[in-house]
Amino acid sequence: MATTAAPTDFGALQQEIRALAKAKHAVILAHNYERAEIQDVADYVGDSLGLSREAAKTDADVIVFCGVHFMAETAAILSPTKTVLLPDLAAGCSLADTITADQLKAWKAEHPGAVVVSYVNTSAAVKAESDWCCTSGNAIEVINAIPAEKEILFLPDMFLGAHVRRVSGRQNIHVWMGECHVHAGIDPEHINAQRAAHPGAEFLIHPECGCATPAIEAVSAGAISADGVHILSTEGMIQRPAKSDNDTFIIATEVGILHRLRKANPTKTFIPASDHAVCAFMKVTTLAKVKRALETMSHRITVPADVAARAKQALDRMVSVGASKAAAPARDPGE
Ligand code: 13P
Ligand code: SF4
């Protein structure tokens, strides 16, 4: 029977990768922002929290992390006996780069006794200087778990920091002024244009977005209906359409997430708030690099034992807090 070839046929490479993963007892984890063909070859696709939980519980010998460097470091800390591979070492994160361990030490010295909450988008060295880690999926729960009278240093994302301050109502949260260049670039102009073009659509915003604060202010001012606006982690966005009667959604985050949203909800329409919201760090991982990673067992990500031990305490707290938002099996594990 004749079949229509996909514009780019990744099938053969994906089959080779699956065979290699089986032979090497490897699990392939992919973030929601990865290329579509990477998501499709992965065992699990999810947000930072779900992938951390998968990394912590896997019984595979090898974890191929299709995401960015801090995520692979997190997997190495949570699963120290596993071999963790990052297919391309250029997969960094502009947000994680906004604070170093020395800068955090200096900030802590200015606020003795404060509790340090680090977003998971940080280096292992920064996590080692932190009391708690959180992701966008459980940041509020983490803040609520800290006694109300305690001062908090929240880092490094200023928009997520503003969001947790607003939702928790706490005034004693100091926020580091870091930002992700991809999310900060989704500005209110993009949002206003898309909302005007699709007035009935639900509006799903990642809390790292520069537009999250004005959007919520517009809700408070009555300019936008609160019913249609949801501030969610990437996994929260994935789960939202199935719970909603709406059939059109404007998505304010990195565009890689559209693949999974459309795959899971073929009858619904997903519109990117900005077509330009592309994380180049997430896109450096290609199928050819995943195959090479499995063939050569590189690039291995390790964390010095003393740093890992301190960072693990903060990560263990993160993994244990918040409603379960586990990563989704991307394919039948028996395939
Ligand atoms: P989540 O997947 O945890 O929502 O985070 C998004 C992100 O920017 C990861 O780099
Ligand atoms: Fe980092 Fe932003 Fe890319 Fe996420 S989207 S990995 S925060 S640079």
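Because only heavy atoms are used, hydrogens play no part in the values below, and waters and symmetry mates are left out as well, while side chains stay in. Fair warning: this is a prediction, and the values are worked out from it, not measured in the lab. Whatever order the structure lists ligands and atoms in, that order sets their numbers, starting from 1.
- There is a path of hydrophobic side-chain contacts, each under 4.5 Å, that joins V321 to F154.
- Numbered from 1 in the order shown, with element, the atoms of ligand 1 that lie under 4.0 Å from a heavy atom of S233 read 4 (O).
- A donor-acceptor distance shorter than 3.5 angstrom exists from the side chain of W176 to the backbone of T98, with no hydrogens or angles considered.
- Remark: minimum distance from atom 1 (Fe) of ligand 2 to any protein heavy atom is reached at C93 SG, 2.4 Å.
- Summarising the local packing, CD of Q171 is surrounded by 12 or fewer heavy atoms from other residues, nucleotides or ligands at distances under 6.0 Å.
- If you look at M71 next to ligand 1, the close heavy atoms, those under 4.0 Å, all belong to the side chain.
- The shortest heavy-atom distance from E254 to ligand 1 is not under 4.0 Å.
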### Query
So D43 and R18, side-chain contact (heavy atoms from CB on, under 4.5 Å) or not? Walk me through it.
CA-CA 9 Å; D43 292 287; R18 289 309 325 160; 2.9 Å; yes
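- Between S79 and I63, the shortest heavy-atom contact is CB-CD1, 4.1 Å.
- Contacts between N121 and ligand 1 below 4.0 angstrom, taking non-hydrogen atoms only, involve the side chain exclusively.
- The protein non-hydrogen atom at the shortest distance from atom 7 (C) of ligand 1 is Y33 CE1, 3.5 Å.
- Ring geometry for F270 against F249 counts as parallel: the plane angle stays under 30°, on a 0 to 90° scale with 60° as the upper cut.
- Checking side-chain atoms of D157 against main-chain N and O of L160 turns up a donor-acceptor pair under 3.5 Å.
- Contact annotation: for E235 versus ligand 1, there are no heavy atoms closer than 4.0 Å.
- For T234, a nitrogen or oxygen atom sits less than 3.5 Å from a nitrogen or oxygen atom of ligand 1, counting backbone and side chain alike.
- Using a 4.0 Å cut-off to heavy atoms of C279, the atoms of ligand 2 that qualify are 3 (Fe), 5 (S), 6 (S), 8 (S).
- Protein heavy atom in closest approach to atom 3 (O) of ligand 1: S48 OG, 2.9 Å.
- Distances from ligand 2 to the non-hydrogen atoms of H181 include at least one value under 4.0 Å.
- Heavy-atom distances between S136 and ligand 1 reach below 4.0 Å in at least one pair.
- Of all the heavy atoms of Y119, the ones lying under 4.0 Å from any atom of ligand 1 belong exclusively to the side chain.
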Original post:
After noting the C-alpha distance and the side-chain angles of L155 and V116, does the key distance pass the side-chain contact (heavy atoms from CB on, under 4.5 Å) rule?
Top reply: CA-CA 8 Å; L155 63 110; V116 177; 3.7 Å; yes
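- The protein heavy atom nearest to atom 7 (S) of ligand 2 is N121 ND2, 3.1 Å.
- With N138 contributing its side chain and T135 its backbone, the two residues share a donor-acceptor pair below 3.5 Å.
- Every atom of ligand 1 is numbered from 1 in the order shown, and the set under 4.0 Å from a heavy atom of H206 is 1 (P), 4 (O), 5 (O), 6 (C).
- Using a distance-only test at 3.5 Å, with no hydrogens or angles considered, a donor-acceptor pair links the side chain of K283 to the main chain of Y33.
- The protein non-hydrogen atom at the shortest distance from atom 2 (Fe) of ligand 2 is C180 SG, 2.3 Å.
- Close approach of ligand 1 to D47 (heavy-atom distance below 4.0 Å) involves ligand atoms 1 (P), 2 (O), 3 (O).
- Looking from atom 8 (S) of ligand 2 to the surrounding protein, the closest heavy atom is S94 OG, 3.5 Å.
- At least one donor-acceptor pair closer than 3.5 Å links the side chain of H206 to the backbone N or O of E208.
- At least one donor-acceptor pair closer than 3.5 Å links the side chain of Q39 to the backbone N or O of E34.
- The nearest protein atom to atom 8 (O) of ligand 1, hydrogens excluded, is given as E208 OE2, 3.2 Å; this is a heavy-atom distance.
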